Protein chains: 2
Amino acid sequence: MNTLSYGLLALLAQESCTGYELMLKIQPVWQAKHSQIYPILAKMERSGLVQFVSVAQKEKPDKKVYSITEKGTSALQAWLPDLSAEPVKRDEMLLKMYCLWLADAATTERLFRERLKLYAKRMEKFRASLAELEGAEQGSGKPLGVRTPSFGKYVLLKRAIDHARMEIDWCEWVLGMLKSGIDSSGA
Amino acid sequence: MNTLSYGLLALLAQESCTGYELMLKIQPVWQAKHSQIYPILAKMERSGLVQFVSVAQKEKPDKKVYSITEKGTSALQAWLPDLSAEPVKRDEMLLKMYCLWLADAATTERLFRERLKLYAKRMEKFRASLAELEGAEQGSGKPLGVRTPSFGKYVLLKRAIDHARMEIDWCEWVLGMLKSGIDSSGA
DNA sequence: TGTACCATGTAAAAAGTTACATGATTGA
DNA sequence: TCAATCATGTAACTTTTTACATGGTACA
């Protein structure tokens with residue numbers, strides 16, 4: 001049981017999913033490919049943490065809908081209070097900062113514009129998700145309970161938006177510095 | 001040549017370092033252990049991207065001070081304009097959000113307090129680094145040129161502070177929600 | 001006395017990515 | 001027609017982590 005395994009279990013505690021759905025859902029928090037997910041699910045099934053039912057589909061491949069077992073829920077509850085590992089980040093763009101001074105002005109600007117675009121796109125997606133979640137919330141009547149499965153989605157979405165905002169602001173701040181001629185020895 | 005190799009090269013373009021120093025310097029942007037750094041340096045030395053001089057030390061182990069070669073600088077300049085890979089993050093705490101509703105109120109609060117503490121500590125460190133960098137800057141007379149090696153450090157530090165600020169605000173926001181009795185079915 | 005820092009390296013294991021494999025549908 | 005989405009799996013490879021190895025100094 002590694003961290004990713006617990007992550008999948010956490011998603012299954014919210015609702016039953018296929019491996020494919022889990023792969024899509026876990027992306028914002030933990031990047032993993034299907035080739036990593038499927039073997040983990042098989043392994044957790046063998047150890048009784050999850051179970052599945054095969055569902056035949058018309059005009060689509062069959063799927064396995066996984067759900068968490070009692071044993072799986074216990075495992076999750078044991079993992080939750082553990083001290084969380086420090087976040088790991090690997091960001092190629094940030095490595096480039098160390099040798100930015102070797103690049104010409106046009107390249108530097110393009111690098112930041114590309115990153116700006118990336119986070120602007122993500123911001124749009126997040127805002128749409130938030131609107132959707134808030135819509136569903138109004139429909140249900142309840143104002144969002146801390147002890148409900150959707151609370152996690154909500155705080156994660158808030159954080160994703162705050163993060164994208166920060167990244168966008170940072171890019172614009174640097175872009176501003178590049179233009180405002182703090183250094184004009186460009187190209 | 002993988003991304004980490006270019007990162008080490010980028011640091012060496014700023015100033016000559018030992019493997020140990022590179023390992024410490026690269027942490028904020030790309031977590032890597034010494035066991036990964038040393039073999040890469042040896043490999044880059046064999047392919048002529050870096051070179052080193054052995055320096056004997058009194059009362060400390062000998063060290064190898066690496067510096068970038070012309071070939072290494074060319075390689076860096078070829079890498080810089082490439083489209084940067086999307087940042088990768090893996091954050092155990094965020095995975096826990098999906099099953100927060102399975103935890104009792106005290107555990108939930110402790111989880112966020114631990115994270116708050118982590119980023120508060122980092123914030124202190126970053127602020128100290130910024131003060132140091134601004135002090136050195138005043139000493140040199142120049143206001144910080146975009147085309148100088150310290151510009152990278154500066155924008156990275158600004159970003160690190162913005163990021164820590166965001167993490168702290170998020171934790172406090174969630175902690176506020178937990179207290180203000182949006183849900184009081186605790187413990 | 002135990003931990004942390006400096007300093008380098010190798011070996012083994014775990015985690016993650018890319019590629020191979022299959023196959024139908026839908027939209028650009 | 002090409003790419004994307006749904007859907008599952010394995011094999012090969014790369015990257016990263018953990019553990020093994022050594023050894024002195026300095027600070028609680």
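Please read these numbers as outputs of a predicted model, since none were measured by experiment. These values consider heavy atoms only, across backbone and side chains, with no hydrogens, waters or symmetry-generated copies.
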Detail all sub-3.5 Å separations between protein N/O atoms and N/O atoms belonging to nucleotides 22-28 of chain D.
unit_1: dT25(D); atom_1: OP1; unit_2: Glu59(B); atom_2: OE1; d: 3.3

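For the OP1/OP2 pair of dC6(D) and a distance below 4.0 Å, the side-chain nitrogens and oxygens of Lys63(A) include no atom meeting the criterion. For dA7(D), the OP1/OP2 oxygens have no side-chain nitrogen or oxygen of Lys64(A) closer than 4.0 Å. Proximity of Gln57(B) to the phosphate of dC6(C): no side-chain N or O atom is located under 4.0 Å from OP1 or OP2. Under 4.0 angstrom from either OP1 or OP2 of dT16(D) there lies at least one side-chain N or O belonging to Trp30(B). OP1 and OP2 of dT16(D) both lie 4.0 Å or more from every side-chain N or O belonging to Arg90(B). Between dA15(C) and Gln36(A), no contact under 4.0 Å exists linking OP1 or OP2 to a side-chain N or O. For dT8(C), the OP1/OP2 oxygens have no side-chain nitrogen or oxygen of Tyr20(B) closer than 4.0 Å. At least one side-chain nitrogen or oxygen of Tyr38(B) sits closer than 4.0 Å to the OP1 or OP2 atom of dT8(C).
Across the protein-nucleic acid pair, Leu22(B) atom CG and dA7(C) atom P stand 12 Å apart, rounded to whole Å. Taking atom NE2 of residue His34(B) and atom P of nucleotide dT15(D), one finds them 19 Å apart after rounding to whole Å. Whole-Å rounding puts the Ile40(A) CD1 to dA15(C) P distance at 8 Å.
Of the residues Trp173(B), Trp170(B), Tyr119(B), the one that meets the ring pair (Phe, Tyr, Trp, His ring centres under 6.0 Å) test with Phe112(B) is Trp170(B).
Closest to the side chain of Leu4(A), out of dT18(C), dG16(C), dT17(D), is dG16(C).
Taking 4.0 Å as the cut-off between side-chain N and carboxylate O, Arg113(B) and Glu109(B) count as a salt-bridged pair.
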